[in-house]
Number of protein chains: 2
Amino acid sequence: MSEPISGKSLHGHLDTMVLAVLDKSEAHGFEVWKRLEAQAKGGLKLKEGSLYPALYRLETAGLLTARKEEDDSSRRGPRRRIYKITRKGKRRLDQGRQEWQHFVSVVECVIGAPA
Amino acid sequence: MSEPISGKSLHGHLDTMVLAVLDKSEAHGFEVWKRLEAQAKGGLKLKEGSLYPALYRLETAGLLTARKEEDDSSRRGPRRRIYKITRKGKRRLDQGRQEWQHFVSVVECVIGAPA
DNA sequence: TAATCTATTTAGTCTGTCTAAATAATAGCT
DNA sequence: AGCTATTATTTAGACAGACTAAATAGATTA
């Protein structure tokens, strides 16, 4: 098996991935992280130091909104921030998916497409 | 049409692309650049400030060797540096191709594979 | 001689991911 | 009460790689 994806190769595609998981339903940061790990079937190793800045970046860009979760005394830890994709975020997701496909086709022109 | 690829999305994949074009035959930097542009069919906009540092990086990593071109007074400009892929570079290219495919499959797990 | 073409080099910036640790708040145990 | 484990977020600082932009080089052509 290959190494999990991380680092430089993710550059610029993480935002689209985050938007994609939040497009299914709203979620707090830690759950976004778990969804990413789960959907990538162990192929992804993402650090908090990458995810939370990405969420912040998307929020300030108006692609996500965030609200504090209402108090739930059946769970531990600090109040979670629930992120929800905006209409602008959905448009950006579409665009990101197109860019992704374009990116893949261009790189494969050069390095040689898989069989 | 999509925008040409540049910037962050290239991160970490440029090295593999450069190795791929040099795997066909040796070439000087400017020709590497032209081959990349040609093979990407206009889908790539690469700057000298990205290519030459990449060549330097690959050379110091032992993936390429470089030699000064012999004098050819039928052309203008300074002596060109001819780059040639090494055995180590070829191995790295294979590895880069595998990493690329893994990367693509992981990202598509998350953002939704194309049809 | 100036302009143009081919080619390379390099100084400095920016962005995004990383490492690493601190902080928050509660549950469950002794 | 105090300790530890769990869940979750935040943040400081390092680092890599692509960027902008311009300087430099040498030969040809006008």
Side-chain angles (χ1 to χ4, degrees), chain A residues 3-19 27-37 44-61 63-64 66-83 96 103 106-107, chain B residues 3-19 27-37 44-61 63-64 66-83 96 103 106-107:
Chain A
E3 284 296 297
I5 297 297
S6 71
K8 55 190 182 173
S9 62
L10 268 183
H11 236 85
H13 303 294
L14 178 57
D15 289 8
T16 303
M17 294 169 81
V18 169
L19 290 172
H28 51 90
F30 198 64
E31 196 187 332
V32 169
W33 183 71
K34 286 187 289 184
R35 285 190 197 174
L36 285 170
E37 299 275 323
L44 185 65
K45 240 51 199 170
L46 195 62
K47 303 307 161 61
E48 310 94 300
S50 310
L51 178 60
Y52 289 103
L55 289 168
Y56 177 79
R57 193 163 63 231
L58 292 168
E59 187 187 349
T60 58
L63 307 174
L64 303 177
R67 61 179 170 81
K68 280 281 182 194
E69 188 181 42
E70 55 276 13
D71 203 9
D72 172 1
S73 59
S74 79
R75 43 162 301 283
R76 308 170 193 196
R79 289 293 189 77
R80 299 183 289 200
R81 306 193 71 207
I82 312 287
Y83 294 95
F103 168 63
V106 167
V107 173
Chain B
E3 284 295 296
I5 296 298
S6 71
K8 54 191 183 173
S9 60
L10 270 182
H11 237 83
H13 303 294
L14 179 57
D15 288 9
T16 303
M17 293 169 83
V18 169
L19 289 172
H28 51 90
F30 199 63
E31 196 188 331
V32 168
W33 183 72
K34 286 187 288 183
R35 284 191 197 174
L36 285 170
E37 300 276 322
L44 186 64
K45 242 44 198 173
L46 196 61
K47 303 307 162 61
E48 309 94 301
S50 309
L51 178 61
Y52 288 104
L55 290 167
Y56 176 79
R57 192 162 65 231
L58 292 168
E59 187 188 348
T60 59
L63 306 174
L64 303 177
R67 62 178 169 81
K68 281 282 182 194
E69 188 181 44
E70 55 276 16
D71 203 10
D72 172 2
S73 59
S74 79
R75 43 161 301 283
R76 309 173 193 194
R79 291 292 188 79
R80 300 183 287 200
R81 305 193 73 208
I82 312 288
Y83 294 95
F103 168 64
V106 167
V107 173

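So that the names make sense, note that chain A is the first sequence line, chain B the second, and so on, each numbered from 1.
The distance from atom NE2 of A/His13 to atom P of D/dA18 is 12 Å, rounded to the nearest whole Å. Rounded to an integer number of Å, the gap from B/Leu55 CG to D/dG17 P is 14 Å. Across the protein-nucleic acid pair, A/Arg79 atom CZ and C/dT23 atom C1' stand 17 Å apart, rounded to whole Å.
To the nearest 0.5 Å, atoms CD (A/Glu31) and CZ (A/Arg80) are separated by 7.5 Å.
Closest to the side chain of B/Phe30, out of C/dT8, D/dT7, D/dA18, is C/dT8.
Taking the six-membered ring for Trp and thresholds of 30 and 60 degrees, A/Phe103 and B/Phe103 have ring planes more than 60 degrees apart, a perpendicular arrangement.
A sub-4.0 Å separation between OP1 or OP2 of C/dT9 and a side-chain N or O of B/Tyr52 is absent. Listed pair A/Lys47 / C/dT19 meets the phosphate criterion, a side-chain N or O lying under 4.0 Å from OP1 or OP2. Remark: A/Arg76 is not in phosphate contact with C/dG28, judged by side-chain N or O atoms under 4.0 Å from OP1 or OP2. Contact check, B/Arg80 against C/dA7: a side-chain N or O comes under 4.0 Å of OP1 or OP2.
Of the residues near DNA chain D, A/Gly49 and B/Gly49, the one whose nearest nucleotide (by heavy atom distance) lies more toward the 5' end is A/Gly49. Nearer the 5' end of DNA chain D, as judged by each residue's closest nucleotide, is the contact made by A/Gly77, out of A/Pro53 and A/Gly77.
When side chains are defined from C-beta on, B/Arg67 does not count as touching B/Arg81, because their heavy atoms never get closer than 4.5 Å.
A donor-acceptor pair under 3.5 Å links the side-chain atoms of A/Trp33 to the main chain of A/Leu46, judged by distance alone.
Residue A/Gly29 is classed as a sugar-phosphate contact, given heavy-atom separations below 4.0 Å to backbone atoms only.
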